[in-house]
Amino acid sequence: MNQNLYRMTSLYLLPVLLAAPTGHAEEVTYADLAALVQTRCVLCHSGPAAPLGLKLDSLDNLLAGSQNGPVVKAGNPAESELIRRLKGLSLPRMPMTGPPFLTEQEIDLFERWVAAGLPHGAPPPAAAVARAELRAQPGEPVSYARVAPIFAQRCAKCHAEGRAPEGYVLTSYQATVSRAERARVVPGFAEASELVRRIRGQALPRMPHDGPPYLDDAEIALISAWINQGARDAQGNAAPSPSGARVRLHGRLGAGWTLDGLRLIVDSATRVDNAPVAGDYVQVRGRIAADGSVVAERIKPRALD
């Protein structure tokens with residue numbers, strides 16, 4: 001979600017927050033939460049690809065819960081998974097586009113609603129924010145807030161804490177851009193990013209693993225633009241320089257030591273196994289140079305699965 005929309009939502013909710021008495025005597029209803037849910041949750045939790053089937057685009061869907069059962073328990077905020085996720089007591093913390101996460105006052109509203117027994121309340125003046133308002137404005141940089149819903153809907157079911165293949169987690173910004181083991185996202189260089197090569201099908205197996213359908217062209221273009229613009233966090237801050245980051249890439253070897261058009265730097269220090277030729281599917285291990293090319297440390301053919 002873009003920052004202008006977040007500020008607009010905060011202003012809309014300000015009268016509700018200020019009206020809340022210290023003693024919590026005033027009952028909070030779903031009507032008091034609807035705009036906040038719509039702007040911070042629905043972007044991921046809607047449609048057929050909603051994570052774990054949890055749709056938050058209506059009160060009925062919220063109460064229906066996920067594949068794991070109810071996410072709110074009337075009168076019991078402490079055991080309501082929705083509250084635990086908002087607080088970060090259960091991981092990944094929500095919303096996945098955070099930080100910023102919800103404020104303490106906003107989370108308190110949810111807790112009071114659950115404690116009161118999940119009252120519906122009258123429909124608010126602006127029960128929903130038009131989907132068009134959630135789109136980035138022309139010329140606005142692509143931040144993590146724009147791509148996080150795609151990761152949440154199509155990737156997080158596999159790439160989550162405790163079950164992520166090769167330990168690669170896609171449920172937070174920090175984990176997505178991490179280069180602890182190797183860089184899957186190379187800020188400024190989508191072509192050298194393993195994540196992009198997987199969702200395009202240049203590297204196999206193609207991701208998401210439950211495809212087809214795979215990501216559509218617009219989704220792939222958005223993720224590529226996010227990386228090419230520096231893999232910015234939700235506040236618009238670019239990730240650190242990728243120079244020196246270790247990578248492991250798969251793809252088709254091309255003439256002149258290229259990988260699907262990506263330049264490889266091959267010299268006497270590069271280990272080349274089994275004499276691969278142009279057209280072979282290969283694995284390349286190496287490091288990122290300052291210009292985004294890959295300093296190849298090892299190239300070897302790989303069998304197609």
Side-chain angles (χ1 to χ4, degrees), residues 1-2 5-6 8-10 12-13 29-74 77 79-103 106-107 109-111 113-114 118 120 123-124 126-136 143-161 163 169-173 175-176 208 210 213 215-216 218-219 222-223 234:
M1 184 185 68
N2 62 57
L5 179 58
Y6 183 72
M8 180 191 74
T9 304
S10 298
Y12 172 80
L13 290 170
T29 70
Y30 178 74
D32 299 315
L33 303 172
L36 185 56
V37 172
Q38 190 72 24
T39 54
R40 297 306 307 273
C41 309
V42 169
L43 204 59
C44 296
H45 288 277
S46 61
L52 294 177
L54 176 61
K55 299 179 182 180
L56 299 176
D57 50 1
S58 71
L59 175 58
D60 287 342
N61 283 338
L62 190 162
L63 297 178
S66 72
Q67 296 169 9
N68 294 334
V71 296
V72 287
K73 296 182 179 181
E79 293 188 12
S80 292
E81 186 65 14
L82 176 65
I83 303 301
R84 295 184 57 82
R85 293 280 181 169
L86 294 178
K87 287 185 169 184
L89 300 175
S90 292
L91 298 176
R93 186 173 184 177
M94 293 293 156
M96 210 177 94
T97 51
F101 298 105
L102 300 192
T103 66
E106 290 167 338
I107 295 172
L109 284 175
F110 279 92
E111 288 190 288
W113 173 60
V114 175
L118 313 176
H120 293 200
V129 174
R131 176 69 69 173
E133 293 181 17
L134 300 179
R135 294 196 296 260
S143 73
Y144 177 71
R146 294 289 317 284
V147 297
I150 303 174
F151 298 147
Q153 293 183 343
R154 298 304 311 276
C155 309
K157 64 186 72 174
C158 296
H159 290 272
E161 292 284 354
R163 61 177 183 271
V169 174
L170 283 165
T171 58
S172 72
Y173 173 77
T176 301
D210 61 356
L215 301 189
D216 61 34
E219 291 169 324
L222 183 65
I223 293 171

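Heads up: numbering here begins at 1 and tracks the sequence.
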- Ala148 versus Thr97, closest heavy-atom pair with distance: CB-CG2, 3.7 Å

- Message: So, taking the atom named CG in Leu109 and the one named CG in Asp32, what distance separates them when rounded to the nearest 0.5 Å?
- Response: 7.0 Å

- Item | Lys87 versus Ile107, closest heavy-atom pair with distance | CG-CG2, 3.9 Å

- Mind checking the CG-CG spacing from Leu33 to Leu56? Nearest 0.5 Å is all I need. 11.5 Å

- Task: Take Arg85 and Phe101, measure what side-chain contact (heavy atoms from CB on, under 4.5 Å) needs, and give me the verdict at the end.
- Result: CA-CA 10 Å; Arg85 293 280 181 169; Phe101 298 105; over 6 Å; no

- Message: Could you tell me if the side chain of Pro51 sits less than 4.5 Å from the side chain of Lys157, heavy atoms only?
- Response: no

- Using the test side-chain contact (heavy atoms from CB on, under 4.5 Å), find all partners of Ala156 that sit at least two apart in sequence or belong to another chain. Thr171

- Shortest non-hydrogen pair, Val42 vs Ser46, comes out as O-OG, 2.9 Å

- Message: So does Val71 get a backbone contact from the side chain of Arg84, meaning a donor-acceptor N/O pair under 3.5 Å?
- Response: no

- Could you tell me whether Glu106 and Arg40 make a salt bridge, using a distance below 4.0 angstrom between a side-chain N and a carboxylate O? no

- Are Ile150 and Cys155 side-chain neighbours, meaning at least one heavy-atom pair lies under 4.5 Å? no

- Should Phe110 and Val37 count as side-chain neighbours, where that means a heavy-atom distance under 4.5 Å? yes

- Task: Could you go through the side-chain contact (heavy atoms from CB on, under 4.5 Å) check for Arg154 and Asp210 one step at a time?
- Result: CA-CA 8 Å; Arg154 298 304 311 276; Asp210 61 356; 3.3 Å; yes

N/O donor-acceptor pairs under 3.5 Å from side chains in residues 59-69, not counting sequence neighbours:
from  : atom 1 : to    : atom 2 : distance (Å)
Asn61 : ND2    : Asp57 : OD1    : 2.7
Asn61 : ND2    : Ser58 : OG     : 3.4
Ser66 : OG     : Asn68 : N      : 3.1

- Task: Would you give the length of the straight line joining atom CE of Met96 to atom CG of Leu43, rounded to the nearest 0.5 angstrom?
- Result: 10.5 Å

- Please step through side-chain contact (heavy atoms from CB on, under 4.5 Å) for the pair Leu82 and Val114, ending with a clear verdict. CA-CA 10 Å; Leu82 176 65; Val114 175; 5.7 Å; no

- Message: Test of understanding: with salt bridge (Lys or Arg N to Asp or Glu O under 4.0 Å), list the residues that count as partners of Glu79, not counting sequence neighbours.
- Response: Lys73

- Message: For Tyr30 and Trp113, take the angle between the two ring planes, folded into 0 to 90°, and tell me which bin it lands in: parallel under 30, tilted 30 to 60, perpendicular over 60.
- Response: tilted

- Correct closest heavy-atom pair for Cys44 and Ala152 would be SG-CB, 3.7 Å

- Going through the checks in order, is the side-chain contact (heavy atoms from CB on, under 4.5 Å) test met by Met94 and Cys41? CA-CA 8 Å; Met94 293 293 156; Cys41 309; over 6 Å; no

